[in-house]
J.: 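Before we start, here is the structure in question, set down as structure tokens.
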Amino acid sequence: MPRHYAIVPAAGSGSRFGSEKPKQYLDLLGRPLIFHTLKALTACPDIERVWVVLAPDDPWWPRFDWSELGPKLETVRCGGATRAASVSNGLRAAAMVAADDDWILVHDAARPCLSAAMLDALFAELADDPVGGILAVPVADTIKRADAEQRVAATEPRDGLWQAQTPQMFRYGQLEKSLKNEMAVTDEAGAIEAMGLQPKLVRGDATNLKVTYPADLALAAMILRARK
């Protein structure tokens, strides 16, 4: 049976958040934000190992206690200038144990509200899929296209549009090959798509939010408190 592994690229600075500290280390319910992200993955019995990809000069990681996350967690200081570079470098670390047919889940460091139910849905729907897929939600809001002066240039039809989330789950060999050719993509599905393949959309929900702005951090805290 194929095994499941996870990679969490965490070499970014989180500049859009507007904080001097990288957003993955901001406080969320008394823990660094990324702690909650990693806990969701390390607590999953179907995931055998989790690699967190740090920037080579990251000074923040050693300041916290990660022992509660257990032996599944492994840090590698090989983060690149882009997400794709960090994931690609993480795949090299995974090459020690992962076979081509094993599943790799790539999950955003700043997406701390991933639930066990979301992971179960991803595993169940993709178990026999020849390509793999991603968690996503249908676009609910009306979408406006802006011009150079931030005025509405057009209203875009939202039929068939989905908002991509993570984890994004693909076979090790296929993902590694796709990222070699497509380093400019903003997510792993984009690299797979560039190979002419069609990732499956697995419906998640809005609670699996990515913390990008300060208001998102407060909302994530509300979600996590409600679950407890």
J.: With ring-ring contact (aromatic ring centres under 6.0 Å, His included) as the rule and sequence neighbours excluded, what pairs involving residues 104-145 come up?
T.: H4-F123

J.: Ignoring hydrogens and angles, write down the donor-acceptor pairs under 3.5 Å from the side chains of residues 217-228, residues two or more places apart or on other chains.
T.:
{"residue": "R227", "atom": "NH1", "partner": "C113", "partner atom": "O", "Å": "2.7"}
{"residue": "R227", "atom": "NH2", "partner": "C113", "partner atom": "O", "Å": "2.8"}
{"residue": "R227", "atom": "NH2", "partner": "T207", "partner atom": "OG1", "Å": "3.3"}

J.: With salt bridge (charged side-chain N to carboxylate O under 4.0 Å, His left out) as the rule and sequence neighbours excluded, what pairs involving residues 96-108 come up?
T.: R3-D102, R83-D108, D108-R111

J.: Mind jotting down which residue pairs meet the salt bridge (charged side-chain N to carboxylate O under 4.0 Å, His left out) criterion with at least one end in residues 29-38? Sequence neighbours excluded, please.
T.: R31-E68

J.: Test: salt bridge (charged side-chain N to carboxylate O under 4.0 Å, His left out). Region: residues 47-59. Which pairs qualify, not counting sequence neighbours?
T.: R49-E74

J.: Are V185 and I134 grouped together when hydrophobic residues (ILVMFWY) are joined by side-chain heavy atoms under 4.5 angstrom apart?
T.: yes

J.: Check side chain to side chain donor-acceptor pair (under 3.5 Å) between E156 and all other residues, then give those that pass, not counting sequence neighbours.
T.: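 Scan of E156 (side chain to side chain donor-acceptor pair (under 3.5 Å), adjacent residues dropped) gives R145.
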
J.: Looking only at heavy atoms, which two atoms of Q165 and G204 are closest? And how far apart?
T.: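 Result for this residue pair: OE1-CA, 4.2 Å.
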
J.: Would you list the pairs meeting ring-ring contact (aromatic ring centres under 6.0 Å, His included) in which at least one residue belongs to residues 33-55, sequence neighbours left out?
T.: Y5-W51

J.: Could you work out, with side chain to side chain donor-acceptor pair (under 3.5 Å) as the rule, every residue matching K177, not counting sequence neighbours?
T.: none

J.: Cluster question for you: counting only ILVMFWY and a side-chain heavy-atom cut-off of under 4.5 Å, with indirect links fine, are V87 and M96 together?
T.: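 Linked, V87 and M96 end up in one cluster.
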
J.: Please step through side chain to side chain donor-acceptor pair (under 3.5 Å) for the pair T155 and K144, ending with a clear verdict.
T.: CA-CA 5 Å; T155 298; K144 303 291 186 181; 2.8 Å; yes

J.: Cluster partners of I143, using ILVMFWY side-chain heavy atoms under 4.5 angstrom, listed by chain and number?
T.: V139, L161

J.: Ignoring hydrogens, what is the shortest heavy-atom contact between G80 and A11? Give both atom names and the distance.
T.: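 It is O-CB, 4.2 Å.
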
J.: Determine the minimum heavy-atom distance between I192 and S178, stating which atoms define it.
T.: CD1-OG, 3.7 Å

J.: With distance as the sole test, does K23 use its side chain to make a donor-acceptor pair with the main-chain N or O of V211 at under 3.5 Å?
T.: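 Flag set: sc K23 to bb V211 pair under 3.5 Å.
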
J.: Residues two or more places apart in sequence or in another chain: which of them pass side chain to side chain donor-acceptor pair (under 3.5 Å) with E176?
T.: K180

J.: What pairs of residues pass the salt bridge (charged side-chain N to carboxylate O under 4.0 Å, His left out) test when at least one of them lies in residues 190-203, not counting sequence neighbours?
T.: E125-K200

J.: Do any pairs count as a ring-ring contact (aromatic ring centres under 6.0 Å, His included) and have a residue in residues 168-192, sequence neighbours left out, and if so which ones?
T.: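 Every candidate ring-ring contact (aromatic ring centres under 6.0 Å, His included) pair involving residues 168-192 fails, so no pair, neighbours aside, qualifies.
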
